[in-house]
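Notes follow the structure.
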Amino acid sequence: MDEPQALVAFAALAQEHRLRLVRLLVTAGPDGMASGVLAEAVGVSAATVSHHLKELSHAGLVASRRDGRSIIYSAAYPAMSELIAFLMRDCCQGHPEVCTPAVAALAACNCPPGDTAHA
């Protein structure tokens with residue numbers, strides 16, 4: 001991920017409802033959630049959630065797929081991993097102990113064993 005891509009991703013996340021949506025989708029895992037369920041969970045209208053999901057999708061942080069009459073959204077884990085890697089790329093300056101808390105937080109992910117979607 002380069003700086004312009006990171007800026008687009010951070011701009012998309014810099015809004016209360018979008019950040020909540022991403023957190024919900026990360027929690028939902030690869031199965032994702034229907035847009036109507038997301039709208040209800042965040043407490044906004046279907047049109048509003050659609051707008052926010054479009055912005056997150058444009059930033060590459062959310063993927064969508066059709067399931068019958070529903071659109072299911074899921075977190076784009078590879079893009080999120082790239083965003084984290086972008087932030088941490090030049091970490092430590094030769095002092096790995098500086099990065100240890102961040103690495104430990106990521107390692108403590110409550111992902112089910114063998115769940116590579118969150119890696």
Hey, can you pull the donor-acceptor pairs under 3.5 Å for the side chains in residues 45-53, sequence neighbours left out?
| from | atom 1 | to | atom 2 | distance (Å) |
| --- | --- | --- | --- | --- |
| S45 | OG | T48 | N | 3.1 |
| S45 | OG | T48 | OG1 | 2.9 |
| H52 | ND1 | R18 | NE | 3.1 |

Please say yes or no: joined through hydrophobic side-chain contacts below 4.5 Å, possibly via intermediate residues, are [X] and [Y] part of one cluster?
X   : Y   : value
V8  : M1  : no
L56 : V37 : yes
L87 : V98 : no
M80 : L19 : yes
L61 : I71 : yes

Inset, instruction - Just jot down the side chain to side chain contact (heavy atoms under 4.5 Å, CB included) partners of L7, sequence neighbours excluded, or say none. - result: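 Residues passing side chain to side chain contact (heavy atoms under 4.5 Å, CB included) with L7: E3.
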Legend entry - Euclidean distance, E55 CD relative to Q15 CD, rounded to 0.5 Å: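 Going from the CD atom of Q15 to the CD atom of E55 covers 9.5 Å.
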Inset, instruction - Supply the atom-to-atom distance L21 CG to M33 CE, rounded to the nearest 0.5 angstrom. - result: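 Taking CG in L21 and CE in M33, the distance rounds to 9.0 Å.
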Legend entry - Contact summary for A79 and G60, nearest pair of heavy atoms: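 Answer, listing the atom of A79 first, then G60: CB-O, 3.0 Å.
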Inset, instruction - For S74 and G32, work out which heavy atoms get closest and say how close. - result: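 In terms of heavy atoms, the two residues are closest at CB-CA, 3.9 Å.
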Legend entry - Crowding at CD, E40 (>12 non-hydrogen neighbours, <6.0 Å):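 No - once you tally the heavy atoms of other residues, nucleotides and ligands closer than 6.0 Å, there are 12 at most.
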Inset, instruction - Report yes or no: does Y77 contribute a side-chain atom to a donor-acceptor pair with the main-chain N or O of V26 at less than 3.5 Å? - result: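 Yes: the side chain of Y77 pairs with the backbone of V26.
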Legend entry - Verdict with reasoning, L24 to Y73, per side chain to side chain contact (heavy atoms under 4.5 Å, CB included): CA-CA 10 Å; L24 283 168; Y73 291 88; over 6 Å; no
